[in-house]
Amino acid sequence: MTIQHDSDAALAAQPAAYWTRLAYEALISFTRARQAELGFTQPQFWLLRNLSKNDLSPDGHGMTVPELQQAMSSYIKPEDDLRAEAEVLLERDWLTRDAGERLWITEEGEAARLRLKEHAPAIRARIHRGIDDADYVTTVKVLQRLIENTSGA
C-alpha cells in the first residue's frame with residue numbers, strides 16, 4: 001500500500017475513521033504475517049496468554065473455548081476460530097483439556113509462550129520504525145480523545 005502524504009490542511013480534513021481502519025488492518029496483517037513466519041498464529045499466542053497464570057489469566061485456572069472467546073472479545077477478529085487454534089495447541093502438547101472441556105496450559109505451553117513473547121519487541125520495533133515516542137504518545141492521546149468524543153467511554 002502506498003500512502004500519499006498530503007499537506008497538514010488536507011490531512012486535517014480527512015476522516016479519522018478511514019485512517020484508523022486502514023491502520024488497524026495494516027498493523028494486524030503485519031503482526032500476523034510476522035508471527036506466521038515464526039510458526040504460530042496470533043490467536044494461538046492469545047490462547048496461551050489467557051491461560052497462563054504468569055500472563056493474562058487472573059487465577060491460572062482452565063477455561064472453555066466460549067469463556068476464552070468472551071475473555072478475548074475486545075480484540076479477537078470475527079474470522080478467528082479459537083476451537084481450531086486450540087486443537088493445534090493440544091496437538092503440540094501446549095494445552096490439555098479436562099473432562100469439563102476446560103483448556104489448561106502445560107509446562108511446554110508456558111515455555112512456548114515465553115519463546116513466542118520474545119519476538120514481540122522486534123515486531124513492535126518494526127512497526128514503530130521512524131516514529132518518535134512523543135509522536136506515538138500524541139497519536140494515542142488523539143485516538144483516545146476521538147473515542148471519548150464519540151462514545152463517552
Side-chain angles (χ1 to χ4, degrees), residues 1-61 63 65-86 88-89 92 94-95 103-153:
M1 170 193 307
T2 303
I3 296 184
Q4 180 179 342
H5 295 277
D6 296 329
S7 69
D8 287 354
L11 285 173
Q14 293 181 0
Y18 170 78
W19 287 105
T20 56
R21 181 180 53 83
L22 286 182
Y24 169 80
E25 290 171 0
L27 293 168
I28 294 298
S29 293
F30 176 83
T31 300
R32 288 180 175 216
R34 298 301 73 75
Q35 290 172 329
E37 290 169 359
L38 297 165
F40 67 99
T41 68
Q42 192 173 49
Q44 289 169 357
F45 186 47
W46 287 336
L47 285 166
L48 295 173
R49 292 192 66 200
N50 276 274
L51 292 169
S52 173
K53 67 181 177 187
N54 300 308
D55 202 333
L56 297 176
S57 174
D59 55 17
H61 287 99
M63 298 173 73
V65 170
E67 289 169 338
L68 286 158
Q69 287 173 316
Q70 178 61 36
M72 298 181 205
S73 64
S74 66
Y75 50 89
I76 195 168
K77 293 185 75 168
E79 64 268 22
D80 291 338
D81 184 346
L82 291 186
R83 194 167 305 281
E85 299 287 0
V88 172
L89 299 181
R92 291 181 184 173
W94 292 0
L95 297 180
L103 298 168
W104 297 81
I105 192 168
T106 64
E107 286 184 30
E108 294 87 355
E110 182 63 20
R113 182 191 69 79
L114 292 171
R115 285 192 310 276
L116 301 176
K117 183 180 174 182
E118 291 174 0
H119 299 287
I123 294 170
R124 183 188 188 282
R126 173 80 186 277
I127 291 170
H128 286 245
R129 184 174 58 200
I131 302 170
D132 292 335
D133 285 346
D135 288 340
Y136 180 78
V137 169
T138 298
T139 300
V140 171
K141 287 181 178 180
V142 168
L143 292 171
Q144 288 173 335
R145 176 52 65 127
L146 291 171
I147 293 165
E148 289 171 6
N149 289 349
T150 58
S151 71

Starting from the C-alpha separation in whole Å, work towards a yes-or-no answer on side-chain contact (heavy atoms from CB on, under 4.5 Å) for Trp104 and Met63.
-> CA-CA 7 Å; Trp104 297 81; Met63 298 173 73; over 6 Å; no
Go through the steps to decide whether Lys117 and Phe45 satisfy the test side-chain contact (heavy atoms from CB on, under 4.5 Å), and finish with yes or no.
-> CA-CA 8 Å; Lys117 183 180 174 182; Phe45 186 47; 4.1 Å; yes
Trace of the side-chain contact (heavy atoms from CB on, under 4.5 Å) decision for Leu95 with Thr106 = CA-CA 5 Å; Leu95 297 180; Thr106 64; 5.5 Å; no
What's the verdict on side-chain contact (heavy atoms from CB on, under 4.5 Å) for Met72 and Asp80, showing C-alpha distance, side-chain angles and the deciding distance?
-> CA-CA 11 Å; Met72 298 181 205; Asp80 291 338; over 6 Å; no
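For the pair Thr150 (side chain) and Ile147 (backbone), a donor-acceptor distance under 3.5 Å is present. Remark: the backbone N or O of Leu48 is not paired with any side-chain donor or acceptor of Ser52 at under 3.5 angstrom. Looking at Asp81, its side chain does come within 3.5 Å of a backbone N or O of Arg83 through a donor-acceptor pair.
Atom CG of Leu114 is separated from atom CG of Asn54 by 7.5 Å, given to the nearest 0.5 angstrom. We find the CD-CG distance between Glu110 and Asp55 to be 7.5 Å, quoted to the nearest 0.5 Å. With rounding to the nearest 0.5 Å, the separation of CD in Glu67 from CG in Leu103 is 9.5 Å. Here the straight-line distance linking atom CZ of Phe40 with atom NE2 of His119 works out to 6.0 Å at 0.5 Å rounding.
Between Lys77 and Arg32 there is a side-chain heavy-atom pair separated by less than 4.5 Å. Residues Leu38 and Leu116 form no side-chain contact, since every pair of their non-hydrogen atoms from C-beta on lies 4.5 Å or further apart. Side-chain contact between Ile76 and Pro43 is absent, with no heavy-atom pair separated by less than 4.5 Å.
At most 12 non-hydrogen atoms from other residues, nucleotides or ligands lie less than 6.0 angstrom from NZ of Lys141. Around atom CD of Glu25, more than 12 heavy atoms belonging to other residues, nucleotides or ligands sit under 6.0 Å away. Annotation: Asp133, atom CG; neighbour count of heavy atoms from other residues, nucleotides and ligands within 6.0 Å does not exceed 12.
When the ring-ring contact (aromatic ring centres under 6.0 Å, His included) test is applied to His128, the partners found at least two apart in sequence or on another chain are Tyr136. Listed by chain and residue number, nothing satisfies the ring-ring contact (aromatic ring centres under 6.0 Å, His included) test with Phe30 (two or more places apart in sequence, or in another chain).
Closest non-hydrogen pair, Trp94 versus Arg115, comes out as CZ2-NH2, 3.8 Å. When all heavy atoms of Gln44 and Leu89 are compared, the pair lying nearest together is O-CD1, 3.6 Å. The two residues Ala86 and Leu47 make their nearest non-hydrogen contact at N-CD1, 3.7 Å. Closest heavy-atom contact between Arg49 and Arg113: CA-CD, 4.0 Å.
Aromatic ring orientation, Trp46 versus Tyr75: perpendicular (interplanar angle above 60°, classes split at 30° and 60°).
Thr41 and Glu85 are linked by a side-chain donor-acceptor pair at a separation below 3.5 angstrom, with hydrogens and angles left out of the test.
Ion pairing between Glu37 and Arg34 holds under the 4.0 Å rule for side-chain N and carboxylate O.
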